[in-house]
Each structure stands twice: as C-alpha cells, then as structure tokens.
Amino acid sequence: MADEKKLLERTLPGMNREARFAQVEHAENVRETLTRILTYFAREKAMVITMLLIVILGTLCGIYAPSLQSRAIDIIAATREGRAAPTLALMFAVYLLYSGCQLLQGLISARLSQRIVKQMRQELFGKIIDLPIQYLDTHSHGDVMSRMTNDIENISTTVSQSLPSLFSGVLTIMGTVAVMLFYCWQLALLSCATVLLTLLATRILSKNVRKFSRKRQMLLGRLNGTVEEMVSGYHTVVAYNHQDATIEEFCATADELTKAGIRTDIFSGVMGPIMNSIGNIGFVIIAAFGGYFAVHGLISVGVISAFIVYAKQFSRPINEIAQIYGQLQTAIAGAERVFAVLEEAGEDMTGMDLASSGNAAVHFNHVNFSYVPGHPVIRDFTLTIPSGKKVALVGSTGSGKTTIVNLLMRFYDMESGEIRINDQNIAGLSRNRLRKHAAIVLQDTVLFSDTVRSNLKYANEAATNQQLEKAIDMSRCRDLIDMLPQGMDTMLTGAGANISQGQRQLLAIARAFVADPQILILDEATSNVDTRTEKAIQIAMQRIMENRTSIIIAHRLSTIRDADMIVVMDQGRIIESGSHTNLLAKQGKYYELYMTQYAGFAT
C-alpha cells in the first residue's frame, strides 16, 4: 500500500534502519531525568513515606546493635559494669527488628515499583496511541516496543531493588559516621579516609558504565526491530532465500550488543571487588590504630569490636551503591528513551466537527506535500470530487495516490494548499471527528485477535446485530461467516492468521460498511481476492457507494471501469482525468496502463 513510504526511504541517502534508531537517542540531562522520575514517586506519597519510615527504623536498629555488642563485650571482659544477659537479649531483639524492617522494606518497594511502572506503561501506551502516523512510519516498531518492555522493566527492577538500598545506604553511612565520631573521632577520621579512594574509583568507572549502558539499550532496540521484521515478513525471507543474510544481520547486531553488554558488565562488575579491596584496607587501619589506641587507654576492646562492625556497615552501602550504579545508569538510560517518546508531540485533536449534511464534496486546491524536504511527492494537486460520486486514482507506483488519502485523513498535514469537505477546511476540523465520517479499507488488512463480531464493531461500537448482518450480506461475507465454527463469535487468533488473506480482506470491507461513512476510501481493497469474489464485491460496492463520496485507489483497472471519474497521477500531479471510455479514446497514460494489463504489453 505505502508506495510513498518506500519512496521516502529511497530518497533519504544513508538513512537505513541503524540511522533511524540513532535519531531517537537523545543525550538527556541526568538531573532532569531523575527529577522527572521523582514526579512518579510524588504520586505515591503514602507508600514512599511508609517505606522511608521503615528504612529509617531499620537503619537505626542496624546502627544501635553494634553499640550493644560493644557494651556486652566490655561487660564480659570486666572493663565495664553491668549484666551481660539483658544486654544480649536487647541486642537479639534489635537485630530481630532490623530483619523485620528489611523484609517489610522489600515488600513495600516491590509494590511501589509495580505501581510506578504501571503509571509509566499507561502513559507511554497512551502516548504511542496518540503519536502521529509519521512517527511510527519513520521509527522501528521493534525499537518502540523495546521502550515499552525492556526499558520500563529496567526501571521497575531499579525501583524495587536498587533505590531502597540507596536510601538505606545513605542513612547508614550518615548514622555510622556519627556514632564512630562519638566513640573515637581520631579512628573515625582514619576509617573515613578510604571514602576518597571509593569516590575516585566510582568517578572513573561511572563514565564508562553510562556510555556502554546507553549503547546497549540502543542496540537492544535495534535487535528487537530486526526480529520483529523477520517474524512479520518470514514468508518473504524464506521465499527469497534470505535466511543466511538475515542471520548475518542478526548476528552482527547481536555481536555489537554482546560487546556493549560485556563492557557494561565489566565496568559495573569491577566496582564490587574494588570496593571490597578498599574496605579491607579500612579493616587494616582499624586493627592497627585501634590496637594502638586501646593500649594507650583511649578506647576499649569493645569499641574496637564495634568499630570493625561499623566499618563494615560503612563500607557495605558504599559497595552496594557502587555495584548498583550500573543498574541505575541503565535505568536512567531507559527512562531517557521512554521520556523521549513521551515528549513527542501527539496529534492535535482539537477543532470543529464536520457538519453532517449528508453531502461530502471534497475539494483539493493546489495541494503540495513532501515526506522529506526537497523531495516533493504531491505537486500542485487540484481536484474536486462531487458529493456522492465515485472517483478512482490510478498511476504507477510512487505517483502519490496513497499520499492523497493520507492528507485527506490528516495522517499527514500538507505543506501548502487546502483540502475542503463541502465548505469546511479540514485544517480546522478535529482529526477525531473527521475520521468518524470516513471509512478506509487498506491493502494491508489489519484485524485484531478478537472475535469476528468485535472486529466488525471496531468501526462502530454502537452497531446493532441488524447492522452487522446487513454489512455481512452487502460485503458478500455470509458464506465466510457460516463456515466459521462459531460464526461471528469465532475468535481470530494471531490477528486473523487462522483465515486466508482474502477472507481477512472481506471482513475489512464489511467493517467499513458497518461504519456507514460519508466518505469511503478503498485502497487496493480487492487486491487479495479472486476474480469471482472481486466481481461480487464490486456489485456490493455499487450499493454501499450509492449517495456516498468514494475514493478508490487501484492498480487493477477492472475495479474502476464504472467510476464516475478516473484521475491518472504521475509524480504527484494529475496528468489525465475523465471516464474510462474517454480516457481510452485519448490513448494517453491511462490507455497505456490499460493496454499493459489487458493487451499483453510488456510490463
């Protein structure tokens, strides 16, 4: 159907699939992205506050427990007065409470992540539904789906696992440092010296983690696009023996993805061992200087024991933060890709309604349009289609026939000129209301994985059974419906994969009849049916097109002989127009096309 879209790709030098993927990658500001993510947390204030309170309580328990351990050791060593049993019991209770807080924190964070991801998915799906046709025509479907699945799943994992650890880690570091300073500020400062090494290592590695995580997400979208194209066009791949070439293309992308993934994992993975090494250096410092301070009476043995635990508590969140940094960067890169789609301008649905006068005369006045600047597809197109008349658009591939329909339906906006329905300029009409007055049957039939009844009512949800039956009879679908196991309640699996292409096209025509539109558009609507069925459909079309403005796009000229007017297009211009008989008498372009099909001329 979309000959002009093929022309679009031909007229874009170097714009292959890889280039289109690269265009949607934007280097968003990290701070801006994080700020936008926080707006989703703001919608779940109660749950966030509850989780923070539990994190705070758990952190306090984790900080207080080593102090009890220090007291118990000093009591047992007889360097401090008191009873060991109550202290040990209290320490056990504190650790038990700490474990309970950890459990609740995990449960709440999991629920919080699912609620936030649900909001993101809803917004992203709503945005995709509202995106202009032009966006989906020029972006890989696999890449768009990757944003809905992989990118949002990365965000979900980060919210449920990484962020609670981040919050808890920050509080643990602050509390631990405060207690260490209280016990012995000299030993605390020596222990904190390792933080400088940690920050230096994190700074060096983080840049590469962010770089390769972004590249990995982009390549994953490209890989999904390749798989989606192969699956949807599998018959074509096999028919032309392109299995090996497809495998090579897939493997090339997979190799790049593997390299980017390995580099991301390497830079993320080495953070843990590096942080552990730095933590071990801290233990050596505590053992050496702690022993020295204990010998000189500055601290007790219990305090050294507590410092070892605190040092571990101090290094553990730093190690965790370093280890999850790669995951955070992946989530941020995914969020950037999601927000890039959310920031796309949706279709403007504002405007007036089309007056329902029963008439729908269509006027094209000096219309010009280009998919790509500098490569015009429609040139000074002027045409009047009287109300209730049937006009056929014919011409060679790429002549602009389908583009005219795209402009009339406002899938694209013209560069100059105007299109009027009766006396109303469609530029001032609501796209939503405009399309409710029109029905279109495309060459590439689209049905949904639902019942036949639901697919027919897709054009008009309020349609009655009587209207459905009438549409079935008029579209010559009665035999098809009767042969289905459950009739109209038969489920179409795989978007109609359990019926033939011709049967799917019959149902698409019946769906257009259910809409009962003022304007009917048939874009190669009978291209996938046999000659006998085509003849039956033509008879049915004569009835449905009575008193209805109709536009027919056809390469098979037998379908448009009885059109009120035939318009011949070439390179976006009208070169001939008239009835079938008159155009044959002129022996111009239409005559050439007709004789090519029916007189055996070479094609």
Straight-line distance of [X] [atom1] to [Y] [atom2], nearest 0.5 Å:
| X | Y | atom1 | atom2 | result |
| --- | --- | --- | --- | --- |
| R548 | S387 | CZ | OG | 10.5 Å |
| Y590 | S579 | OH | OG | 9.0 Å |
| I499 | L447 | CD1 | CG | 6.0 Å |
| Q134 | D413 | CD | CG | 9.0 Å |
| I519 | M409 | CD1 | CE | 8.5 Å |
| C477 | M488 | SG | CE | 11.0 Å |

Non-hydrogen atoms of [X] and [Y] that approach each other most closely:
| X | Y | result |
| --- | --- | --- |
| K390 | I552 | CD-CD1, 3.3 Å |
| A512 | V441 | CB-CG2, 3.4 Å |
| V341 | L124 | CG1-CD1, 3.6 Å |

Greater than 12 external heavy atoms within 6.0 Å of [X]'s [atom1]:
| X | atom1 | value |
| --- | --- | --- |
| R43 | CZ | yes |
| Y458 | OH | no |
| K586 | NZ | yes |
| K127 | NZ | yes |
| D482 | CG | yes |

Ion pair check, [X] and [Y], cut-off under 4.0 Å:
| X | Y | answer |
| --- | --- | --- |
| R435 | E347 | yes |
| D473 | R478 | yes |
| R36 | E343 | yes |
| E123 | R121 | no |
| K436 | D353 | no |

[Y] side chain reached by [X] side chain, heavy atoms, under 4.5 Å:
| X | Y | answer |
| --- | --- | --- |
| R410 | I426 | yes |
| T549 | Q518 | no |
| E344 | L131 | yes |

For the residue pair Y40 and F339, does the interplanar ring angle fall in the parallel (under 30°), tilted (30 to 60°) or perpendicular (over 60°) class? parallel
Could you tell me whether the side chains of [X] and [Y] share a donor-acceptor contact shorter than 3.5 Å?
| X | Y | result |
| --- | --- | --- |
| Q587 | E592 | no |
| S416 | N368 | yes |
| E576 | Y591 | no |
| R453 | N465 | yes |

Does the structure place the NZ or CZ of R573 under 6.0 Å from the centre of the six-membered ring of F381, at an angle of no more than 45° from the ring's axis?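 Judged by the rule, R573 and F381 form no cation-pi pair.
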